[in-house]
Amino acid sequence: MKTLLIFPPQGHFTQPFLALPSLQAYLKQEGFPDTHMMDANIEAYDWLLSKERLQQAAAAVKSNGRLAELEAKDAFDYNDMMEYRAYLQSELVGEWTAENVEDAKSVMRDPERFYDRDTYTWAAKVMEHGMALTSSRYFPTHLSAHGFSMKHSLQKTDDIIAGAFDEETNPYLDFFREVTMPKIKELDPDLIGFSVTFGSQAIPSLALSAMIKEWKPEVHITWGGGLMAYVAHKLSNRAEIFDTVDSMVVLEGERPLKAIAEAVRDGKDVYGIANVIHRDDEGMVHVAHEQDPLSIDTLPAPDFDGLPLNKYFTPEFIVPLSITRGCYWGKCVFCTLHEVIGPGYRGRTIERVIDDIRSLQEKHGAKRFYFPIEDLPPNMVRKLPRAILDAGLDIEWWCDAKLEPEVFTDEVCEELAASGCKRLAFGYESASKRVLDLMCKGSDPEPGMGVIQRVHKAGISVTLYVMVGFPTETEEEAQLTMDTLLANREYFEEVSMRVFYLDFKSEIYKRYREFAISDIVEEEGCDLQVYFDFSTSEGMSRKEARAKYLEMLGELKSHLPVFQNQNLLYHELKSHYFLHLARAGNVKNLLEGPFAEVPAPELYDDSPVGKAEHLRMLDSRFDRDDVDEAMERAVDGLTLPRYQFDLITGKEIEAMNRQAPIVRPRPSVLVLNTKTAELASISPEGKQLLDGLNGSRTVAEILADFPEQQRAGVREFLQHLLQFGMLEQEPLGAIA
């Protein structure tokens, strides 16, 4: 019997996710050797971000005529702004992006060019342009490195079904037909398991499942993964879903997937298999009882055989290895881990962990590891580094941990660093003791900051998770968090911050009145709603919390080196940041080397200046900066969870169309610097000035053409052009 495990689009593109390798290893261990894996997600990115596909996208956008229609308008509402921004950028950069995308991808995979900051940043921006171009081709669909959304709401079953078959706005349908289905047909599996981890995978998963069923109705398709723990029971209310999906697995997948494989092999149905939902031949949906997951010590090391490790956009394979499951603390009221993974905390023995690391390192020649766990438990904080050192393992690694002052002593932190730990991420959340107690975090701000300082002192990069707008949190308490972070900013490199949202599986949702939540907003027709807006009788309102979040984010960006000078790219692609950190050796080297602040180029009055050759320009009737500013102002008050921000639809877009600042025509020129792949806007007058600079005159001579009262402004504009790379100067002034 053949089994195929599929990771469908969309997840991030830097490394394989751990679910399929874990399941493949277990099935092979349990007597199913003919098990295979397919990462359709990385294959989709590679296909969509190809020269041929982007050329097609650029041609389609250029020929649809929508940009001209928008240019003819007298004003924009929010929806117009989204379209205009997308089509204007695609018009300028589309063909150039298609010509350069293959080189950009090769940079991401190159063990030398990847670590050159300018080259890496150029490549990352080219790929961003490619994803934006793909999004324009299927507008209003939005594809990025971190998300995929369509006009169809993920909170509605009907919308997911509609999106799965939407030929105009679903970019994955052609990919599945041309790339995925031929491979599946050649393999001809009897059982296909989908790992549906993120909401962004729901529509692509349904689309591919439908294609498979059309080809081979008898194949058994089962869905598992993190998203199923949230929505499988909700989906079970819609029996027609089982026309496409034969079964759904909730919680951890090893035990139920093995039972499903046995049933398919033996020609039996899956009725009664624990943690499985299915529909019988009479059309009745059955929700089986839940069973505790297997001991993590009985599971084999993950098996990555069959994954296209050379296709991921990274120069080397960072091995993901799960050394625990569940959270040893397990008390935070906002957390849903106990509901979506499985009850209880389970840790692998140190001996097994060391054996896993050694075998995976030998097999893949890998030096870098990521432990995708909730928190490194205290016993492992103390024992794992010593075990790595005693085993003579030469590795570098990172994971999440909990702020445990008694555990993270100076000696322990030094041993962590010596064992290869390069980065730790802590759930700091708030500097208010009252808020932390309400969250049941089990941590205090002051001792917690002591942990952060000791970890930093040992040379380990620190990331902090911070939450704004927890129910009853006041603006003063949020301000205390920001003040504390800024006062201690030398001890950490990153802050991953979000506005609190209410998850229906969390303890706070179940006991919401204990947290001064007066009203929970249930969206009409949203049968798959997971996150809920709400109102409170104490503390900041939702809009106030959103405003405070934006204020704090702006402050942190202006103070933290990792957020500056295009370094946000590293922050968003966490494995890339880890690789740059590991390459630098330690945080100090990173911040003084690849992440060092680049001084702005100085404009010399006695230097001849000329227009740079590496520019592409496009005249526009509306200024893109005006559009960007209006769009940012329009969404400032939205309190949607982060995952819904890629595309604002439904009642939100209606509200934006009513409330967004009106943008009027203001002629502008959009400029692409092909050397850096950056975009900027200048005025037509600025373009005229720039076009007249041929390198024959100095800055002083150019300024002499203007009235004295205008010269300071003109000089500032020339400085801006130089900084952006639109202007080139002979370094004569540097000699003087």
Side-chain angles (χ1 to χ4, degrees), residues 5 7 14-33 35 37 39 195 197 252-255 257-258 293-307 309 312 314 316-328 341-342 344-401 415-425 574-575 578-579 582:
L5 305 175
F7 190 79
T14 59
Q15 294 288 333
F17 288 83
L18 188 55
L20 299 193
S22 299
L23 293 170
Q24 173 170 267
Y26 183 71
L27 286 180
K28 287 182 176 180
Q29 172 184 280
E30 297 299 309
F32 294 91
T35 298
M37 292 189 295
D39 191 337
S195 176
T197 303
E252 293 182 16
E254 284 90 353
R255 190 201 303 267
L257 183 58
K258 174 193 171 186
L294 296 166
S295 165
I296 190 174
D297 253 352
T298 67
L299 304 178
D303 178 4
F304 297 93
D305 288 352
L307 290 180
L309 297 180
Y312 295 95
T314 186
E316 63 181 279
F317 178 30
I318 302 174
V319 181
L321 178 63
S322 183
I323 60 178
T324 68
R325 289 190 182 177
C327 176
Y328 75 90
I341 292 184
Y345 161 75
R346 289 143 289 140
R348 203 161 173 85
T349 64
I350 294 292
E351 293 75 18
R352 291 295 302 273
V353 171
I354 296 300
D355 287 345
D356 291 344
I357 293 173
R358 181 182 288 108
S359 64
L360 290 168
Q361 184 175 40
E362 291 175 353
K363 182 173 184 178
H364 297 286
K367 182 178 180 179
R368 273 116 195 193
F369 285 75
Y370 166 50
F371 304 139
I373 58 179
E374 294 307 308
D375 291 301
L376 191 65
N379 68 313
M380 284 194 174
V381 174
R382 297 186 180 99
K383 295 179 180 179
L384 181 59
R386 175 43 49 193
I388 291 172
L389 292 169
D390 289 345
L393 295 172
D394 181 19
I395 66 169
E396 293 166 327
W397 57 277
W398 75 278
C399 68
D400 289 2
E415 196 153 69
L416 281 164
S419 74
C421 180
K422 295 295 181 183
R423 178 176 181 238
L424 288 174
K574 295 183 185 301
S575 61
F578 172 66
L579 287 173

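Keep in mind that this is a model prediction, so the values were computed, not measured.
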Applying ring pair (Phe, Tyr, Trp, His ring centres under 6.0 Å), can you list everything that pairs with [X], at least two apart in sequence or on another chain?
| X | result |
| --- | --- |
| Phe32 | none |
| Phe304 | Phe317, His364 |
| Phe17 | Phe7, His12, Phe198 |

Mind checking the [atom1]-[atom2] spacing from [X] to [Y]? Nearest 0.5 Å is all I need.
| X | Y | atom1 | atom2 | value |
| --- | --- | --- | --- | --- |
| Met380 | Thr349 | CE | OG1 | 7.5 Å |
| Leu384 | Ile354 | CG | CD1 | 5.5 Å |
| Leu360 | Ile395 | CG | CD1 | 10.5 Å |
| Gln29 | Thr35 | CD | OG1 | 12.0 Å |
| Ser295 | Arg348 | OG | CZ | 8.5 Å |
| Asp297 | Arg346 | CG | CZ | 11.5 Å |

Partners of Glu351 by salt bridge (charged side-chain N to carboxylate O under 4.0 Å, His left out), sequence neighbours excluded?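 Glu351 satisfies salt bridge (charged side-chain N to carboxylate O under 4.0 Å, His left out) with no other residue.
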Residues in salt bridge (charged side-chain N to carboxylate O under 4.0 Å, His left out) with Arg325, at least two apart?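 Once residues adjacent in sequence are excluded, the partners of Arg325 under the salt bridge (charged side-chain N to carboxylate O under 4.0 Å, His left out) criterion are Glu252, Glu254.
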Residue Lys383 excluded, over 12 heavy atoms near NZ under 6.0 Å: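 No.
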Would you name the heavy atoms of [X] and [Y] that are closest together and state the gap between them?
| X | Y | result |
| --- | --- | --- |
| Pro377 | Tyr345 | CG-OH, 3.0 Å |
| Thr197 | Ser195 | OG1-OG, 3.3 Å |
| Leu389 | Glu415 | CD1-CG, 3.8 Å |
| Gly347 | Thr324 | CA-CG2, 4.1 Å |
| Ile296 | Ser322 | CD1-O, 4.1 Å |
| Ala366 | Val319 | CB-CG2, 3.5 Å |

Would you give me the side-chain donor-acceptor pairs under 3.5 Å for residues 18-27, sequence neighbours excluded?
| residue | atom | partner | partner atom | Å |
| --- | --- | --- | --- | --- |
| Ser22 | OG | Leu18 | O | 3.0 |
| Gln24 | NE2 | Asp303 | O | 3.2 |
| Gln24 | NE2 | Asp303 | OD2 | 3.3 |
| Gln24 | NE2 | Asp305 | O | 3.0 |

Under the side-chain contact (heavy atoms from CB on, under 4.5 Å) criterion, do Ile388 and Phe369 qualify, and how do the steps go? CA-CA 12 Å; Ile388 291 172; Phe369 285 75; over 6 Å; no
Go through the steps for Arg358 and Leu393 under the test side-chain contact (heavy atoms from CB on, under 4.5 Å), then give the verdict. CA-CA 7 Å; Arg358 181 182 288 108; Leu393 295 172; 4.1 Å; yes
Without swapping roles, check the side chain of Gln15 against the backbone of Thr314 for a donor-acceptor pair under 3.5 Å.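 Pair absent, no side-chain N/O of Gln15 close to backbone of Thr314.
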Has the side chain of Arg368 got a donor or acceptor atom that lies under 3.5 Å from a matching backbone atom of Ile318?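 No; zero donor-acceptor contacts below 3.5 Å.
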May I ask you to decide whether Arg352 forms a salt bridge with Asp355, counting only side-chain N to carboxylate O separations under 4.0 Å?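 Asp355 and Arg352: not salt-bridged.
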Is it true that the side chains of Tyr312 and Asp39 contain a donor and an acceptor less than 3.5 Å apart? yes
